[in-house]
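Residue numbers start from 1 in every chain, and the chains themselves are labelled A, B, ... in the order their sequence lines are given, proteins ahead of strands. Side chains included, hydrogens not; waters and symmetry mates left out as well; all remaining heavy atoms used.
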Number of protein chains: 2
Amino acid sequence: MLNSRQLKILQLIIDDFIASGAPVGSRTISKKSALGISSATVRNEMADLEELGYLYQPHTSAGRIPSDQGYRIYVDSLSLDKAIGQREKNLIRSLLISGKIRAEEVIENAAHLIAEITGLVVVASYPGFKKHSLSNLKLIKISETKVLLILISDNEVVKNLTLSFSGTTQSILDEISNALLRNLEGSTIEDITVKKISKLKYDLKNYAEVIDYLVPILRDTMKNIDEVEYRVEGFDNILSVPEFSDGTKARRMYQLFENKTIFKDIFDQITAEGIDIRIGEENEVEELRECSLITTTYRYQARDFGKIAVIGPKRMDYRGIISTLEYVSNTLSDIFSGIYL
Amino acid sequence: MLNSRQLKILQLIIDDFIASGAPVGSRTISKKSALGISSATVRNEMADLEELGYLYQPHTSAGRIPSDQGYRIYVDSLSLDKAIGQREKNLIRSLLISGKIRAEEVIENAAHLIAEITGLVVVASYPGFKKHSLSNLKLIKISETKVLLILISDNEVVKNLTLSFSGTTQSILDEISNALLRNLEGSTIEDITVKKISKLKYDLKNYAEVIDYLVPILRDTMKNIDEVEYRVEGFDNILSVPEFSDGTKARRMYQLFENKTIFKDIFDQITAEGIDIRIGEENEVEELRECSLITTTYRYQARDFGKIAVIGPKRMDYRGIISTLEYVSNTLSDIFSGIYL
DNA sequence: TATTAGCACTCAATCGATATGAGTGCTAAC
DNA sequence: GTTAGCACTCATATCGATTGAGTGCTAATA
């Protein structure tokens with residue numbers, strides 16, 4: 001479709017636009033390119049590229065701006081060789097392997113780091129929970145009226161739930177905990193049903209009354225476990241991006257990031273491993289139609305995938321972001337596979 | 001210092017400025033006031049009020065804007081009768097007593113609600129931890145290499161800490177947990193020292209080796225417990241306030257709210273119970289010099305106080321905010337004193 | 001046939017001059 | 001003490017002219 005000179009020109013225009021944010025004129029390209037081509041020739045090519053839908057003019061006498069299609073060609077033709085150097089890689093690696101033990105903290109670190117490097121907003125998902133099997137469980141007395149339920153999945157995710165539950169002692173709770181664990185260990189968390197919990201009564205005949213009281217409370221509480229949680233880092237970066245710095249837009253963005261269900265939808269759509277790029281209108285989510293979204297997956301333990309997304313204006317440094325994201329997600333996969341423990 | 005007419009005029013000017021955000025002229029006040037006074041008279045009074053430092057003009061031919069001192073007089077002279085009606089009170093009460101069990105959730109709810117009502121940013125502190133005594137403790141195995149330490153204070157705050165700790169079983173951990181609790185129960189959390197933990201060795205001679213291994217890990221982890229944590233709600237509101245909606249200012253604000261140590265300082269300064277109002281330059285924190293900060297305390301259990309602050313432009317609805325804040329904090333005190341359980 | 005120089009044309013952005021009007025301060029009269 | 005009246009100030013809005021970056025088209029050139 002595009003000959004190599006057209007592609008070259010398109011790339012130069014987009015590079016320039018990403019850097020400057022202003023429509024790019026033919027003279028700029030004529031001077032920049034090593035093609036030895038006059039501005040008039042560039043103009044002709046530009047007119048062709050516009051006809052093909054890769055560029056457009058905000059008004060007649062202005063330069064060209066890339067369309068979503070233009071960005072798409074540009075991104076697809078990017079070579080990522082040496083987009084980030086060994087020094088940056090070493091820095092990233094050393095910052096991520098910083099002795100944090102909890103997976104959540106490692107992920108927050110990673111998201112924060114990417115936000116710093118890219119100057120954009122980063123959303124990261126924590127490892128899943130409900131589809132994993134229960135590996136440990138404990139009931140702990142908080143006060144006369146409250147009990148804490150700790151659930152641990154086999155992918156090492158910890159959940160705290162508080163139950164309204166009076167008139168018991170820690171030693172009773174310990175016995176119940178042990179019995180519950182014996183009965184439930186290995187079931188996936190979403191499979192823990194009233195039926196399974198109720199079996200406990202046979203196991204702990206002495207506490208039948210307590211169990212009857214506990215069962216409905218447990219069931220209600222388990223329903224409220226969130227499947228996946230998200231972390232947003234670097235929101236303030238977007239406030240410096242001219243495209244979003246006006247109050248109304250910034251506010252809409254903030255509300256977008258507050259609404260975690262949207263990110264469930266976004267992440268659920270992305271099934272392929274590796275880098276996924278959505279430019280402008282390619283985003284199904286209305287609110288992101290003016291943005292580009294670059295997502296990557298990292299492997300968390302054997303079967304689980306976590307996701308990290310960078311969100312910013314379409315005018316972003318795709319090369320650098322893709323490389324950074326790839327490198328960070330690989331490092332995370334390494335960390336979670338236990339290589340650095 | 002001020003006669004009653006001057007005070008009345010000052011109040012009218014500030015009311016108008018709070019509503020409109022634009023400098024207030026003499027004609028506006030002359031028409032509005034029921035004083036039956038001409039604009040010329042108002043101008044004379046305004047000139048006096050300016051001389052006294054309660055008003056100023058952004059430029060010669062503009063109306064007046066209240067100074068920090070002006071706001072101070074205004075706020076001190078506010079009557080709060082019926083600032084919020086019974087209907088609003090009932091609504092607030094019913095939304096707060098919504099069956100949430102965890103104190104953190106109740107506080108988040110409250111902060112969110114205040115942010116909604118006031119249209120401003122709300123910062124709330126969670127109950128303290130370190131100065132309270134330990135009431136329960138449990139070590140729970142997460143994986144071959146990780147152990148979860150749960151600490152519960154007598155004011156019902158729960159902390160999770162993850163330790164890097166291999167080669168043990170849950171039943172050993174249970175024994176250690178029980179022994180630890182026996183030794184430490186009742187000590188305040190900040191008083192838990194290596195010495196106290198080390199005593200364990202006499203208690204659990206069989207596990208001396210495990211204890212030796214555990215002690216330094218425990219000590220390091222305990223050091224990293226945050227004393228107080230904060231919740232920020234309604235940041236997006238500030239993006240709609242003209243005074244802050246430009247990108248740079250909004251960003252600085254965001255970073256202010258991200259930096260939780262600043263709120264430790266701010267809250268620590270406020271020692272009195274009840275409502276505390278800081279207007280503009282009255283704030284010690286540089287970043288809040290263009291804002292007003294209204295803080296209130298609620299009683300959390302017997303000895304503990306939590307704090308909630310509303311932050312916004314000096315041009316804010318003091319009457320409504322103070323009343324809302326007072327009502328919410330009283331309701332929280334009631335909830336935490338157990339009245340609604 | 002592809003390239004380019006040249007030129008007329010477009011249009012956002014900038015600038016300066018002018019007008020508008022909200023609001024003041026002062027004075028003199030009530 | 002209050003107020004009508006008036007001159008004055010100054011931010012803001014308006015309008016026309018200018019500028020300049022950039023285009024599209026045409027005709028000449030390689």
Side-chain angles (χ1 to χ4, degrees), chain A residues 1-10 12-67 70 242-243 246, chain B residues 1-10 12-67 70 242-243 246:
Chain A
M1 199 86 174
L2 287 186
N3 64 42
S4 80
R5 193 173 73 180
Q6 287 176 314
L7 180 61
K8 184 75 194 156
I9 289 173
L10 181 60
L12 285 167
I13 291 171
I14 297 184
D15 282 335
D16 193 276
F17 183 72
I18 286 174
S20 73
V24 186
S26 55
R27 221 174 92 84
T28 314
I29 297 304
S30 161
K31 279 193 292 183
K32 248 195 197 173
S33 85
L35 298 169
I37 247 172
S38 81
S39 67
T41 310
V42 175
R43 276 201 291 286
N44 290 332
E45 296 284 26
M46 278 176 155
D48 290 350
L49 286 168
E50 177 159 2
E51 207 171 341
L52 291 166
Y54 300 126
L55 298 174
Y56 69 93
Q57 291 179 282
H59 55 85
T60 337
S61 70
R64 280 356 192 259
I65 288 177
S67 68
E243 281 91 332
D246 110 277
Chain B
M1 198 88 173
L2 287 187
N3 65 43
S4 81
R5 194 173 73 179
Q6 286 175 316
L7 180 61
K8 184 75 195 155
I9 290 173
L10 181 60
L12 284 167
I13 291 172
I14 298 185
D15 282 336
D16 193 275
F17 184 73
I18 286 175
S20 73
V24 185
S26 54
R27 222 174 91 84
T28 314
I29 298 303
S30 160
K31 278 194 293 181
K32 248 196 199 174
S33 84
L35 298 168
I37 247 173
S38 81
S39 66
T41 310
V42 175
R43 276 202 290 285
N44 290 332
E45 296 285 26
M46 279 175 154
D48 290 350
L49 286 168
E50 177 158 1
E51 207 170 342
L52 292 166
Y54 300 127
L55 298 175
Y56 69 93
Q57 291 179 283
H59 56 86
T60 336
S61 70
R64 262 40 176 235
I65 289 177
S67 69
E243 280 92 332
D246 110 278

Return a table of donor-acceptor pairs under 3.5 angstrom between the side chains of residues 54-61 of chain B and protein atoms on other chains or two or more places apart.
residue, atom, partner, partner atom, Å
Q57(B), NE2, T60(B), O, 2.9
Q57(B), NE2, A62(B), O, 3.0

[X]: partners by side chain to side chain donor-acceptor pair (under 3.5 Å), with sequence neighbours left out:
X      : result
R5(B)  : E45(B)
T41(B) : S38(B)
N44(A) : none
T28(B) : none

Quick one: closest heavy-atom pair of M46(B) and I29(B), and the distance?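 For M46(B) and I29(B), the tightest heavy-atom pair comes out as CE-CG1, 4.2 Å.
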Is there any salt bridge (charged side-chain N to carboxylate O under 4.0 Å, His left out) pair reaching into residues 25-43 of chain B, and which pairs are they, with sequence neighbours excluded?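 Non-adjacent pairs meeting salt bridge (charged side-chain N to carboxylate O under 4.0 Å, His left out): D16(B)-K32(B).
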Which pairs pass salt bridge (charged side-chain N to carboxylate O under 4.0 Å, His left out) with one or both residues in residues 51-62 of chain A, sequence neighbours excluded?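 The answer is none; no pair qualifies.
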Can you check each nucleotide of nucleotides 11-26 of chain D against protein heavy atoms at under 4.0 Å and return B for base, S for sugar-phosphate only, - for none, in 5' to 3' order? S---------BSBB--
Just how far, in rounded Å, is [atom2] of [N] from [atom1] of [X]?
X      : N      : atom1 : atom2 : value
Q6(A)  : dT3(C) : CD    : P     : 11 Å
E45(A) : dA2(C) : CD    : P     : 10 Å
I9(A)  : dA2(C) : CD1   : C1'   : 13 Å

With 3.5 Å as the limit, what N/O pairs link the protein to nucleotides 13-18 of chain C?
none

